[in-house]
Amino acid sequence: MHIMIIGGGQVGSYLAGLLQEAGNRVTVVETRETQITAVQRTAPNTFFFLGDGTDPGVLEAAGIRTAAVVAAVTGADETNLVITSLARFAFDVQRVVARVNNPHNTWMFTPAMGVDVALNQADVMAQLIARAVG
Amino acid sequence: MRVLILGCGRIGTGLVQRLSVSDHSVTVIDPAPKALARLPASFRGRKLVGDVLDRHVLAEAEIERQDALAAVMPSDDVNVVAARLARVVFHVPRVVARVYSPHTTEIYYRLGIQTVSTTSWGINRIAELLSYSELEPVASLGSGVDILDVAVPPLLVGRPISALSRPGEIQVAAISRGGKSFLPQLETLLEAGDLLHLIVLTSATDHLVAILRH
């Protein structure tokens, strides 16, 4: 399965590694050229595409039309929402997953914005910690 | 009309002033109190300090009751997201987002968002101004009448010279075509590549510019 990850920071690189180990073909789109080494260290066979994931031309050139899943995991919520809208409504991607950075922004991560699944790190962590404590 | 403006920078402030003149009911949101302080004292609309993507702030601004929304924050992503939310979640009938990035207008239009790229607009306008510098007179026929040479603009190709002539103001004196010049008649059709030699009343130059840009 071809999976496209937008955002090659810590979350994106780690995710790329996990998905690649599971046998997927992974593309990472990232604006910072310096991140290429970090991504290749954690996910050696990943295709690293340098560019802005909110630019439809970049998404197309990086191969979004063959992607079964798109994961928008940049550190900016508004950026992730632009990506999910484009992925769903401009490129008809089947499954769109997004990272929520600020829990207050969760309300915007809905199907109307192209999001199938929204993952909120703070919320996930808080729930796990609460369970461990309780 | 009730208008909500997200962002109180130069464009936001200008929009507020422009819209206040025509008796619209305007609400402005900006995360920086300093930005809102730039609004003139005469501004009678509502000012709200807060994040333009904060649900509670938008509710306080009564986004669902607005007739129109302009997203003019400095970030393209914020503007596009705010505009799409306004359309699909809050059903605001008329929504415009300012973006810097050119080339994306068409794709966002398909997503139901009308965008204005100030960058593309600026590029087109500057190119236009640069390419119309040939409106400098070639010669002057005494005081108040000039001879101008103008390449035929694409929109006038195939039209008769009467589309360009204005009695007493603008006259097509001659046309250079394919290396030869001739004196046209009123029904002569303009062709691509024509160079027009015009006799123009100096006071009608603006009029001519308007016709050429049309």
Side-chain angles (χ1 to χ4, degrees), chain A residues 6-7 9 12 29-32 50-62 64-65 70 72-93 96 98-116 118 120 122-123, chain B residues 6-7 29-31 48-61 63-64 69 71-93 95-117 119-120:
Chain A
I6 323 291
V29 178
E30 164 64 47
T31 47
R32 296 161 297 178
L50 188 67
D52 182 349
T54 63
D55 180 339
V58 167
L59 292 174
E60 185 139 32
I64 194 168
R65 292 203 188 272
V70 163
V73 298
T74 79
D77 289 336
E78 61 274 17
T79 304
N80 291 341
L81 287 167
V82 171
I83 294 161
T84 57
S85 298
L86 289 173
R88 168 57 39 80
F89 302 108
F91 295 105
D92 289 321
V93 175
V96 180
R99 166 189 180 189
V100 183
N101 295 276
N102 180 345
H104 293 298
N105 289 336
T106 309
W107 71 279
M108 293 185 279
F109 288 73
T110 62
M113 298 300 282
V115 181
D116 294 312
N120 175 349
D123 186 52
Chain B
L6 309 179
I29 307 176
D30 196 288
L48 293 174
V49 177
D51 186 337
V52 301
L53 295 178
D54 184 322
R55 191 170 25 168
H56 305 292
V57 174
L58 291 172
E60 206 184 327
I63 185 168
E64 274 162 297
L69 177 143
V72 292
M73 291 290 290
S75 152
D76 283 11
D77 292 349
V78 168
N79 290 339
V80 167
V81 169
R84 196 168 154 78
L85 287 167
R87 286 288 293 139
V88 302
V89 178
F90 300 107
H91 310 291
V92 178
V95 172
V96 180
R98 186 274 299 272
V99 295
Y100 287 107
S101 159
H103 317 305
T104 51
T105 309
E106 187 262 342
I107 204 154
Y108 287 128
Y109 189 76
R110 277 198 275 143
L111 301 189
I113 307 165
Q114 185 117 44
T115 58
V116 171
S117 168
T119 314
S120 310

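Here is the naming used below: chain letters follow the sequence lines, and residue numbers restart at 1 for every chain.
Not counting sequence neighbours, the partners of A:E60 by the salt bridge (charged side-chain N to carboxylate O under 4.0 Å, His left out) test are A:R65. In terms of the salt bridge (charged side-chain N to carboxylate O under 4.0 Å, His left out) criterion, residue partners of A:E30 (sequence neighbours excluded) are, by chain and number, A:R32.
Between chain A and the residues B:L85, B:D51, B:V80, the largest count of heavy-atom pairs under 4.5 Å involves B:L85.
Across all their heavy atoms, A:E78 and B:L53 have their closest contact at CB-CD1, 4.1 Å.
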(request) Applying side-chain contact (heavy atoms from CB on, under 4.5 Å), run through B:I107 and A:F89 and close with a yes or a no. (result) CA-CA 10 Å; B:I107 204 154; A:F89 302 108; over 6 Å; no
(request) Determine, stepwise, if the pair B:L111 / A:L86 fulfils side-chain contact (heavy atoms from CB on, under 4.5 Å). (result) CA-CA 8 Å; B:L111 301 189; A:L86 289 173; 4.0 Å; yes
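Residues of residues 98-110 of chain A having a heavy atom under 4.5 Å from any heavy atom of chain B, listed by number: A:N105, A:W107, A:M108.
Each side chain to side chain donor-acceptor pair (under 3.5 Å) pair with one or both residues in residues 79-90 of chain B, not counting sequence neighbours, would appear here, but there are none.
Using a 4.5 Å cut-off between heavy atoms, B:L58 contacts chain A through its side chain alone, with no backbone atom that close.
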